[in-house]
Amino acid sequence: MDAFFASIEQTVNPRLKGKPLIVGSRTNKNYTVVCAASYEAKAYGIDSGMPTKEAFKLCPQALFVAADTNKYIYTSEGILKLLREYGLPLEYASVDEFRMDLTDLNTVEYGDLVREIKQKIRQRFGITCSIGIARNFLLAKLASKINKPDGLVILTDRNLAQILAKLAVEKLCGVGPSTQIVLNNLGVKTCLELWNIERETLTRHLGQRGLALYMALHSQETLGFSQENQTPKSIGHSYTLPRAVQDLELINAWIRLLSEMVAFRLRDANLEAKITCLWLVEASKKACFSAQKASKLPTNDGFEVLSQS
């Protein structure tokens, strides 16, 4: 979904349409985190994870709305229900991201299908989405980012090299700052150069992470979808902030939002859980904190998940 939280707020309140909008947590608007930003706000350099103080310096006229997770979860549930109507293997990746396996469809069929999906999402929910189609998950996710908002990009054997050559390697999911430095030192600066690099080279310089990246990039497997008749052993949500954060208010704001997202997925799967785990990773990924706590009774309530964190 395109700027999911902000787009929903602009649909609910048409007076917000076309204006720079910041969605933040329910604390003082000058001392919280940007959970989402409309595309009008993004044009000023505002993005999720940024302190709102910094955001308002970039765009003093920006409007602020407190995040309402109930709206976002309700809409997410509706989109999931819509996608299930097509009867294809489906994975709920996150509150605003879904994956569908189109392997059994031909080019005309899946082209018509995704255009119909885009139209229905706009009609039913008043928001837009960007869709990427490719031979595997990693390339499809990359394709979905290329023409946002309201984009549709299909990566084929014919256009793959041309499109990858134009994209910086850090655009690829899984290539963070530390991996980017290693790849740049190897002379790899575009996604096409990463595509062409040998597996042994990636493994030698990045270890298992390099091997996993190579396999994800070149895989044509359709495995990995969470089948709805399988009970997961755990359910989680994570978010990587674009910069190192030590401010507890900002960290807690994200923990509140992630707790509700986890609770939504529990309720959607008709599950409850007793053990809550929390992971915090330092920016360089050299230090990591984790803790877990068991409650007396299982729950799928967001507030109770938060209280355990």
Side-chain angles (χ1 to χ4, degrees), residues 1 4-5 7-9 12 23-27 32-33 35-36 48-49 65-101 121 124-125 127 129 137 141 173 222-241 245 248-281 288-309:
M1 302 303 115
F4 189 47
F5 299 171
S7 295
I8 291 173
E9 296 295 346
V12 171
V23 180
S25 59
R26 293 181 180 277
T27 55
T32 183
V33 64
C35 296
S48 57
V65 175
D68 184 347
T69 53
N70 288 329
K71 288 180 192 170
Y72 316 144
I73 291 168
Y74 176 83
T75 306
S76 182
E77 286 179 324
I79 294 169
L80 184 63
K81 183 179 180 181
L82 185 159
L83 296 176
R84 281 176 176 161
E85 294 173 0
Y86 291 93
L88 294 170
L90 180 68
E91 182 179 46
Y92 177 86
S94 70
V95 72
D96 65 344
E97 181 179 329
F98 308 86
R99 299 171 182 169
M100 184 180 283
D101 188 351
I121 288 176
R124 294 189 191 181
F125 308 104
I127 62 175
C129 67
F137 298 155
K141 185 174 178 67
C173 182
T222 58
L223 302 177
F225 286 98
S226 301
Q227 300 301 321
E228 295 181 29
N229 61 351
Q230 294 179 342
T231 302
K233 295 181 179 179
S234 65
I235 287 178
H237 260 297
S238 64
Y239 186 84
T240 302
L241 297 172
V245 172
L248 289 179
E249 288 286 338
L250 299 181
I251 293 171
N252 285 330
W254 278 105
I255 293 175
R256 285 195 295 273
L257 191 59
L258 293 172
S259 296
E260 188 52 55
M261 290 178 178
V262 167
F264 158 65
R265 295 185 69 180
L266 284 168
R267 293 192 297 271
D268 184 64
N270 197 27
L271 296 173
E272 294 179 324
K274 292 182 68 175
I275 299 176
T276 302
C277 302
L278 174 67
W279 286 269
L280 296 173
V281 183
C288 175
F289 165 82
S290 65
Q292 67 179 40
K293 186 176 181 181
S295 58
K296 293 182 180 180
L297 296 174
T299 184
N300 57 19
D301 179 84
F303 180 78
E304 292 179 9
V305 172
L306 173 64
S307 65
Q308 292 291 101
S309 303

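In what follows, every heavy atom counts, from backbone to side chain, and hydrogens, waters and symmetry copies are set aside. Residues: numbered from 1 along the sequence shown.
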Reported [atom1]-to-[atom2] distance for the pair [X] and [Y], which is rounded to 0.5 angstrom:
{"X": "Glu304", "Y": "Ser307", "atom1": "CD", "atom2": "OG", "result": "6.0 Å"}
{"X": "Glu9", "Y": "Phe4", "atom1": "CD", "atom2": "CZ", "result": "10.5 Å"}
{"X": "Glu91", "Y": "Phe98", "atom1": "CD", "atom2": "CZ", "result": "11.0 Å"}

Are any non-hydrogen side-chain atoms of [X] and [Y] less than 4.5 angstrom apart?
{"X": "Ile8", "Y": "Met1", "answer": "no"}
{"X": "Leu90", "Y": "Met100", "answer": "yes"}
{"X": "Phe5", "Y": "Asp96", "answer": "no"}
{"X": "Ile127", "Y": "Ile79", "answer": "yes"}
{"X": "Thr299", "Y": "Lys274", "answer": "no"}
{"X": "Leu266", "Y": "Ile235", "answer": "yes"}

Do you know which two heavy atoms are closest between Ser259 and Gly302, and how far apart they sit?
CB-O, 3.9 Å
Heavy atoms of Ala263 and Val305 approach each other most closely as CB-CG2, 4.5 Å
Between [X] (side chain only) and [Y] (backbone N and O only), is there a donor and an acceptor less than 3.5 Å apart?
{"X": "Arg267", "Y": "Asn300", "value": "yes"}
{"X": "Ser290", "Y": "Leu278", "value": "no"}
{"X": "Ser76", "Y": "Tyr72", "value": "no"}

Tyr74, OH: over 12 other non-hydrogen atoms inside 6.0 angstrom:
no
Under 4.0 Å between a Lys/Arg side-chain N and an Asp/Glu carboxylate O for Arg124 and Glu85?
yes
Under 4.0 Å between a side-chain nitrogen and a carboxylate oxygen: does that hold for Glu97 and Lys141?
yes
Begin with the C-alpha distance, continue with both residues' side-chain angles, and end with the deciding distance and a verdict on side chain to side chain donor-acceptor pair (under 3.5 Å) for Glu77 and Tyr92.
CA-CA 10 Å; Glu77 286 179 324; Tyr92 177 86; over 6 Å; no
Show your reasoning for whether side-chain contact (heavy atoms from CB on, under 4.5 Å) applies to Gln292 and Thr276.
CA-CA 5 Å; Gln292 67 179 40; Thr276 302; over 6 Å; no
